[in-house]
Amino acid sequence: MNKKKDGECNMNFDITVRQINTDEEFDKYLKENSSAVVCAGRWGPMCIPVYKAMEQLELEDQYKDVAFLVVNFDIRAANRVRIAPQCRSFRGLPFTVYYKDGELVHATSSIQSKQQLEDNVATYLK
Amino acid sequence: MYDVIIVGGGPAGFSAALYCARANLNTLLIERQAPGGQMSTTEVLENYPGLAEPISGSEIAFAMEKQAKKFGATTINDDVIEVDIENKIKIVKTAKQIYQTKTIILAMGAVPKMIGLQKEKEFMGLGVSYCAICDGSFYYDQSVAIIGGGDTALVDAIYLSRICKKIYIIHRRNELRGSKYLQKKIKKDDKIEIVWDTVIDEIIGETQLEGIKVKNVKTNVIKDIQVEGIFVAIGAKPSTELVKNKVALNDEGYIISDNDMNTNIPGIFVAGDIREKTLRQVITAAADGAIAAHVAEQYIVKENI
């Protein structure tokens with residue numbers, strides 16, 4: 001990751017899922033996509049499997065209406081995830097949050113399997 | 001076609017990639033996560049020769065990758081889902097591609113073991129963790145318990161003592177298995193308390209971990225310990241799903257090999273924590289990788305493939 005002067009930093013995770021770098025981008029993605037899954041994490045052993053599962057889901061036709069996004073847990077753009085009431089009791093990275101029409105409707109902590117992501121998309125975003 | 005495909009990007013894999021590349025073998029390393037494997041969850045790597053100054057496992061992992069690439073190895077991020085190893089030319093299928101190769105070095109490493117308690121899985125990220133570096137910061141000025149008594153448990157305790165107000169080490173024996181150097185550090189630390197001869201019996205909490213019940217294995221006395229989180233460090237299990245029923249494994253699931261890293265299948269070599277051996281450390285993984293690379297090169301020459 002490359003640090004910028006203003007405290008933001010460019011994500012440089014080696015993944016194909018779109019990565020959010022600023023608050024403005026976060027707002028834009030939520031406005032453009034009525035269903036979105038955002039994973040806030042680091043480049044750690046519990047986070048990467050979630051990114052990888054998201055990469056796979058993104059390629060599947062049935063999820064073409066869902067935006068899969070990743071945000072670095074340590075940048076300002078991740079604040080809204082970090083401080084979300086649904087994440088208050090979370091103590092394990094990554095935080096994965098589900099947005100329906102811009103509203104945070106579900107959140108999970110720590111590693112999630114592809115199946116768990118699919119189940120949550122089916123339950124909360126359909 | 002590749003001369004060698006290395007599955008796994010920990011110290012064993014990168015060492016193998018470095019030696020293969022320097023031997024002018026057409027080398028591909030496939031890692032499904034970030035470089036480093038288990039090493040990347042180590043805050044400070046203190047027991048690798050030459051590293052007198054503190055360096056994290058993650059930093060050295062990226063340096064190892066850079067070094068292997070510098071000499072011509074290709075490294076990619078992908079999931080190996082199947083290997084076909086019966087014929088002279090081996091096939092490696094990933095989530096994205098199918099590759100042909102003359103040899104394979106298996107270096108998938110190992111992953112942390114779970115205790116097997118009720119609520120353990122449910123409370124992952126809600127008080128149950130397997131990575132102190134990843135999740136330690138969520139426990140600032142709180143009390144935590146570490147389950148285990150080996151090097152990982154002791155290193156985790158030392159790391160967490162800078163963040164947490166109290167650390168219990170729950171250990172089933174009356175002596176620690178970790179290195180004497182780490183034991184000395186632990187004993188000097190007032191925040192760390194070792195609970196001897198004790199196992200965790202139950203995770204307490206409705207929606208998140210609120211404490212644990214522990215049992216003394218000698219007296220069978222059960223008591224509650226109030227902690228906000230537990231860190232599980234009871235060892236690792238080998239990541240051998242990919243080659244189950246394809247190469248010989250021991251009863252614990254580790255790949256059986258000789259001292260030259262040969263498995264029971266010609267052209268398939270092994271390196272690192274995934275291998276049956278006495279000491280699993282970064283240095284032994286790196287040494288395995290170098291040997292596996294050398295023997296793979298000899299195999300290619302001898303078989304004239």
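All values below were derived from every heavy atom in this structure, side-chain atoms included, with hydrogens, water molecules and symmetry-related copies excluded.
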Using a cut-off of under 4.5 Å on heavy-atom pairs, state which of Pro49(A), Pro94(A), Gly92(A) scores highest against chain B.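 Most heavy-atom pairs under 4.5 Å with chain B: Gly92(A).
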
Would you please name every residue forming a ring pair (Phe, Tyr, Trp, His ring centres under 6.0 Å) with Phe68(A), sequence neighbours left out?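 Phe68(A) satisfies ring pair (Phe, Tyr, Trp, His ring centres under 6.0 Å) with no residue once adjacent residues are dropped.
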
Give me the atom names and distance for the closest heavy-atom approach of Phe90(A) to Phe138(B).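 Phe90(A) and Phe138(B) have their closest heavy atoms at O-CD2, 3.8 Å.
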
Taking only residues at least two apart or on different chains, which pairs with a member in residues 56-81 of chain B satisfy ring pair (Phe, Tyr, Trp, His ring centres under 6.0 Å)?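 Listed once each, the pairs would be none.
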
Need one label for Cys134(B): side chain, backbone, both or neither, based on atoms under 4.5 Å from any heavy atom in chain A.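 Both parts, heavy atoms under 4.5 Å.
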
Report the residues that fulfil side chain to side chain contact (heavy atoms under 4.5 Å, CB included) with Lys64(A), sequence neighbours left out, ordered by chain and then residue number.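 In terms of side chain to side chain contact (heavy atoms under 4.5 Å, CB included), with neighbours along the sequence ignored, Lys64(A) is linked to no residue.
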
Suppose we count any N or O donor within 3.5 Å of an acceptor, strictly below that value; which pairs fall between chain A and chain B?
{"from": "Lys52(A)", "atom 1": "NZ", "to": "Asn77(B)", "atom 2": "OD1", "distance (Å)": "2.3"}
{"from": "Arg91(A)", "atom 1": "N", "to": "Gly125(B)", "atom 2": "O", "distance (Å)": "2.7"}
{"from": "Arg91(A)", "atom 1": "NH1", "to": "Glu228(B)", "atom 2": "O", "distance (Å)": "2.2"}
{"from": "Gly92(A)", "atom 1": "N", "to": "Gly125(B)", "atom 2": "O", "distance (Å)": "3.4"}
{"from": "Leu93(A)", "atom 1": "N", "to": "Asp135(B)", "atom 2": "OD1", "distance (Å)": "3.0"}
{"from": "Ser109(A)", "atom 1": "OG", "to": "Gly125(B)", "atom 2": "O", "distance (Å)": "2.8"}

